[in-house]
Number of protein chains: 2
Amino acid sequence: MLTRSEEDHLKAVFALLQDGESAFTKDIAARLSTKASSVTDMLKKLAEKGFLKHEPYYGAKLTAKGTAHALTLVRKHRLWETFLVERLSFGWDEVHEVAEQLEHISSPKLVDRLDDYLGNPRFDPHGDPIPDRQGKLRVRKTKRLDTCTTGDTVRIAAVSETTDGLLRLLDSKGLRIGSVLTVQELHAFDGSMDVKPKSGAAFSLSKDVSHHLQVESN
Amino acid sequence: MLTRSEEDHLKAVFALLQDGESAFTKDIAARLSTKASSVTDMLKKLAEKGFLKHEPYYGAKLTAKGTAHALTLVRKHRLWETFLVERLSFGWDEVHEVAEQLEHISSPKLVDRLDDYLGNPRFDPHGDPIPDRQGKLRVRKTKRLDTCTTGDTVRIAAVSETTDGLLRLLDSKGLRIGSVLTVQELHAFDGSMDVKPKSGAAFSLSKDVSHHLQVESN
DNA sequence: AAAATAAATTAGGTGAGCCTAATAAACGAT
DNA sequence: ATCGTTTATTAGGCTCACCTAATTTATTTT
Ligand SMILES: [Mn+2]
Ligand SMILES: [Mn+2]
Ligand SMILES: [Mn+2]
Ligand SMILES: [Mn+2]
């Protein structure tokens, strides 16, 4: 049985490994708003318990056991977010904090029943894939909107980095998961991009925004 | 903000005060499977924070603030139990443990949305009243089945003490909240009682069981 | 290659929440 | 009124999850 703090560290390592090769102490600390020395303590403990390998000064990698447990956390987090949005009418910018608590509720029966109750959703409100009962995570090949070029027509698949501010900005522009956009112009000066939604007038997106939108070809 | 442990202590005091005048250290300890010395520590802390008055050697009483917070916990606990049974098809003997965790999730919006989603239920799966948004607890006047006499016809209103074993025993006899029974005979020897359900054959209930059934006149 | 910088670890300390053992208070029975 | 029992509190110690400050290791710059 892992504590809430151990689970949050494990999840941070998992998230950082999604792209990079290793998860580094300072990045874990930043993600959890804690200090590097605290992270070192925790990495030692998690390594002792067999959830990860800690190579001092060279970061951490998950073991199979660690990956499996991290996937149950991700599954719970995303299922709860889906419940909050689909059933309790929360906004997609209001769920992260609560799901951060709910993901630590320990009851395998609860998770699986919730999954069925929601109709075994494949993606959470932010477009992120939900691991299935066996912990299998279906990864889609998407690209970032800021890597697209003029004329591309794409569909928004996911928002990476679900900070409330970004989500509310998207709301205000009428953008959501599934929205279809055509890139009209790129501005080298500030990296901003003019896009045109399927219906409605074109508008501009800053690099900060387009960088965090995962899109797929339409 | 109270910790999970503080909240559990507060809830124990609240539960013990329902009948008695004061909540005593040893009873709180028994209820939480902890030691009296740990409870003393916690009572001091909760008293300092203004949730209760601790009269050393004479137990604890809740302040208005303490009662209000305890009621939010009871509300959350019972709403989650209702959700688990009504929406996720849990048995009434399977929900206590999980609700014990869920009651500590901190999000006023979540509780109230859940309440609405469930249709503002007045009672939980065990027949216990659910405090409303304002913390008002509607108490019914019920009597224990073991205080009834021959010929009484009553409806089961609630099960006090929701231990899994008792609940499963009731399941096996086809008894649930709302079941109507007529008392046929009392056996002084062991305190057992013969009862006849509305439809079906009469059967016997031990004192251990009848003592924990709250009933109301039909 | 040495020096400067960045990152990580270690050392040592704190408070929360538990424990056991020792002590003190309350209370029922003689 | 005192004794013995029950109950509660205090004293002291442990682990966990943090922290700051000091030190060590790795990396980048000169
Ligand atoms: Mn979390
Ligand atoms: Mn999400
Ligand atoms: Mn609880
Ligand atoms: Mn209940």
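Below, chains carry the letters A, B, ... as their sequence lines are ordered, and counting in each starts from 1.
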Review point. Within the structure, does a side-chain N or O atom of His54(B) lie under 4.0 Å from either OP1 or OP2 of dA8(D)?
Key: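 Answer is no, no contact under 4.0 Å.
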Length of the line joining [X]:[atom1] and [N]:[atom2], which is rounded to integer Å:
| X | N | atom1 | atom2 | answer |
| --- | --- | --- | --- | --- |
| Phe24(A) | dA26(D) | CZ | C1' | 11 Å |
| Lys44(A) | dA11(C) | NZ | C1' | 10 Å |
| Tyr58(B) | dT7(D) | OH | C1' | 11 Å |
| Lys49(A) | dC16(D) | NZ | P | 7 Å |
| Glu55(A) | dT9(C) | CD | C1' | 14 Å |
| Leu16(B) | dA8(D) | CG | P | 11 Å |

Please find the pair of heavy atoms, one from [X] and one from [Y], that lie closest to each other, and give the distance.
| X | Y | result |
| --- | --- | --- |
| Glu161(B) | Leu166(B) | O-CD2, 3.4 Å |
| Cys148(A) | Met193(A) | O-CE, 4.3 Å |
| Leu145(B) | Leu181(B) | CD2-CD1, 4.3 Å |

Practice item. Provide the full list of ring pair (Phe, Tyr, Trp, His ring centres under 6.0 Å) pairs with a residue in residues 117-139 of chain B, sequence neighbours left out, each pair given once. Key: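 Every candidate ring pair (Phe, Tyr, Trp, His ring centres under 6.0 Å) pair involving residues 117-139 of chain B fails, so no pair, neighbours aside, qualifies.
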Check your understanding: Near DNA chain D, under 4.0 Å by heavy atom, which residues of residues 3-12 of chain B?
Key ->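 Per residue number, the list is empty: none.
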Between the protein and nucleotides 19-21 of chain C, which nitrogen or oxygen pairs are less than 3.5 angstrom apart?
unit_1: dC19(C); atom_1: OP2; unit_2: Thr34(B); atom_2: OG1; d: 2.9
unit_1: dC19(C); atom_1: OP2; unit_2: Lys35(B); atom_2: N; d: 3.2
unit_1: dC19(C); atom_1: OP2; unit_2: Ser38(B); atom_2: OG; d: 2.5
unit_1: dT20(C); atom_1: O4; unit_2: Ser37(B); atom_2: OG; d: 2.9

Taking the side chain of [X] as its heavy atoms from C-beta onward, which of [options] lies nearest to it?
| X | options | value |
| --- | --- | --- |
| Lys26(B) | dA8(C), dA8(D), dC18(C) | dA8(D) |
| Met42(A) | dT9(C), dA8(D), dC18(D) | dC18(D) |
| Tyr57(B) | dA8(D), dT9(C), dC18(C) | dA8(D) |

Exercise for review: Tell me yes or no: between the side chains of Ser206(B) and Asp208(B), is some donor less than 3.5 Å from an acceptor?
Suggested key: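 No, no side-chain donor-acceptor pair sits under 3.5 Å.
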Practice item. Name all residues meeting the side chain to side chain contact (heavy atoms under 4.5 Å, CB included) criterion together with Glu94(A); count only those two or more places apart in sequence or in a different chain, and write none if there are none. Key: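 Expected list: Phe90(A), Lys109(B).
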Sequence neighbours left out, cut at 3.5 Å: what donor-acceptor pairs do the side chains of residues 59-69 of chain B make with other protein atoms?
unit_1: Lys61(B); atom_1: NZ; unit_2: Ser22(B); atom_2: OG; d: 3.2
unit_1: Thr63(B); atom_1: OG1; unit_2: Gly50(B); atom_2: O; d: 2.8
unit_1: Thr63(B); atom_1: OG1; unit_2: Phe51(B); atom_2: O; d: 3.1
unit_1: Thr63(B); atom_1: OG1; unit_2: Lys65(B); atom_2: N; d: 3.4
unit_1: Thr63(B); atom_1: OG1; unit_2: Gly66(B); atom_2: N; d: 3.1
unit_1: Lys65(B); atom_1: NZ; unit_2: Lys49(B); atom_2: O; d: 2.8
unit_1: Thr67(B); atom_1: OG1; unit_2: Thr63(B); atom_2: O; d: 3.0
unit_1: His69(B); atom_1: NE2; unit_2: Glu7(B); atom_2: OE2; d: 3.0

Can I get a per-line list of side-chain donor-acceptor pairs under 3.5 Å for residues 31-44 of chain B, giving both atom names and the distance, sequence neighbours left out?
unit_1: Thr40(B); atom_1: OG1; unit_2: Ala36(B); atom_2: O; d: 3.2

Review point. Taking NZ, NE, NH1 and NH2 as the nitrogens, is one of them in Arg78(A) or Asp115(A) under 4.0 Å from a carboxylate oxygen of the other?
Key: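 Judged by the 4.0 Å cut-off on N to carboxylate O distance, Arg78(A) and Asp115(A) do not form a salt bridge.
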